[in-house]
Novice: 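What follows is a single structure, and I will ask about it in a moment.
Side chains included, hydrogens not; waters and symmetry mates left out as well; all remaining heavy atoms used. As the structure is a computational prediction, the values presented were derived from the model and not from experiment.
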Amino acid sequence: QVQLVESGGGLVQAGGSLRLSCAASGRAFSSYAMGWFRQAPGKERVLVTAINWSGSNTYYADSVKGRFTISRDNAKNTVYLQMNSLKPEDTAVYYCVADYTSGSYYPTRAYEYDYWGQGTQVTVSS
């Protein structure tokens with residue numbers, strides 16, 4: 001079992017920045033690919049970004065490329081999402097996810113992730 005706890009969400013003006021953190025407890029953190037999904041009101045959850053166990057391989061949705069950066073610190077059992085140049089359309093609940101996998105692989109579908117955090121709200125005002 002892995003428990004994921006997100007933090008760092010909040011209200012920010014358009015053009016601003018936020019950094020989300022996801023602290024993991026339980027089984028060996030470095031055995032997991034990690035990711036962030038988001039869900040806006042009335043919309044489906046979508047994958048924003050993912051990272052493999054070592055941090056050597058990452059994925060970004062087109063809508064956030066060049067603005068968001070995912071990183072991880074396996075010594076601290078934490079994954080981060082640095083969000084810059086935020087837009088009102090980035091407003092959503094952001095969920096940290098984990099999947100027990102290795103190598104360069106990271107899942108891209110919600111059903112592939114075994115563990116989910118409770119979510120943290122990000123609101124970007126115009």
Novice: Quick one: do Y106 and V48 end up in the same hydrophobic cluster if we chain Ile, Leu, Val, Met, Phe, Trp and Tyr together by side-chain heavy atoms under 4.5 Å apart?
Specialist: no
Novice: Which residues satisfy the side chain to side chain contact (heavy atoms under 4.5 Å, CB included) test with S56, sequence neighbours excluded?
Specialist: N52, S54
Novice: Donor-acceptor pair, T78 side chain versus K76 backbone, under 3.5 Å?
Specialist: yes
Novice: Can you check whether Y115 reaches Y100 side chain to side chain, under 4.5 Å on heavy atoms?
Specialist: no
Novice: If you look at every heavy atom in S30 and N74, which pair is closest and at what distance?
Specialist: CB-ND2, 3.6 Å
Novice: Distance from Q39 atom CD to Y95 atom OH, nearest 0.5 Å?
Specialist: 5.5 Å
Novice: Assess whether side-chain contact (heavy atoms from CB on, under 4.5 Å) is satisfied between V2 and Y32, documenting all intermediate values.
Specialist: CA-CA 10 Å; V2 172; Y32 289 81; 3.2 Å; yes
Novice: With heavy-atom distances below 4.5 Å as the criterion, would you say the side chains of V93 and T120 are in contact?
Specialist: no
Novice: Which heavy atom in D99 sits nearest to a heavy atom in P107, and how many Å separate them?
Specialist: OD2-CG, 3.3 Å
Novice: Working to the nearest 0.5 angstrom, can you tell me the gap between M34 CE and T58 OG1?
Specialist: 14.5 Å
Novice: For a quick test of your reading: what N or O donor-acceptor pairs under 3.5 Å do the side chains of residues 64-71 make, sequence neighbours left out?
Specialist:
| residue | atom | partner | partner atom | Å |
| --- | --- | --- | --- | --- |
| K65 | NZ | D62 | OD1 | 3.2 |
| R67 | NH1 | S85 | O | 3.0 |
| R67 | NH1 | D90 | OD2 | 2.7 |
| R67 | NH2 | S63 | O | 2.8 |
| R67 | NH2 | D90 | OD1 | 3.0 |
| R67 | NH2 | D90 | OD2 | 3.4 |

Novice: Just so I know, are the side chains of T101 and W53 near enough to count as touching, which here means a heavy-atom distance under 4.5 Å?
Specialist: no
Novice: Does anything in residues 105-126 form a salt bridge (charged side-chain N to carboxylate O under 4.0 Å, His left out)? List the pairs, not counting sequence neighbours.
Specialist: none
Novice: Can you find a pair of side-chain heavy atoms, one from C96 and one from V79, that are under 4.5 Å apart?
Specialist: yes
Novice: For the backbone of A28 and the side chain of N77, can you confirm whether one donor and one acceptor N or O come within less than 3.5 Å of each other?
Specialist: no
Novice: Could you tell me if the side chain of Q118 sits less than 4.5 Å from the side chain of E6, heavy atoms only?
Specialist: yes
Novice: For T91 and E89, does a side-chain donor sit closer than 3.5 Å to a side-chain acceptor?
Specialist: no
Novice: What I'd like to find out is whether the side chain of I51 reaches to under 4.5 Å of the side chain of Y59, using heavy atoms alone.
Specialist: no
Novice: Going by the rule ring-ring contact (aromatic ring centres under 6.0 Å, His included), which residues pair with F37 if we only count those two or more places apart in sequence or in a different chain?
Specialist: Y113, W116
Novice: Side-chain donor-acceptor contacts of residues 18-26 below 3.5 Å, not counting sequence neighbours, with atom names and distances?
Specialist:
| residue | atom | partner | partner atom | Å |
| --- | --- | --- | --- | --- |
| S25 | OG | Q3 | OE1 | 3.1 |

Novice: Would a hydrophobic clustering, with Ile, Leu, Val, Met, Phe, Trp and Tyr connected at side-chain separations under 4.5 Å, put L4 with V122?
Specialist: yes
Novice: Would you compute the distance between atom CD of E44 and atom CZ of R38 and round it to the nearest 0.5 angstrom?
Specialist: 14.0 Å
Novice: Could you list the residues that satisfy ring-ring contact (aromatic ring centres under 6.0 Å, His included) with Y105, not counting sequence neighbours?
Specialist: none
Novice: Does the R72 side chain pair with the main chain of A33, one donor and one acceptor, at a distance under 3.5 Å?
Specialist: no
Novice: Passes side-chain contact (heavy atoms from CB on, under 4.5 Å), Y94 versus Q121? Steps please.
Specialist: CA-CA 6 Å; Y94 284 71; Q121 177 70 46; over 6 Å; no
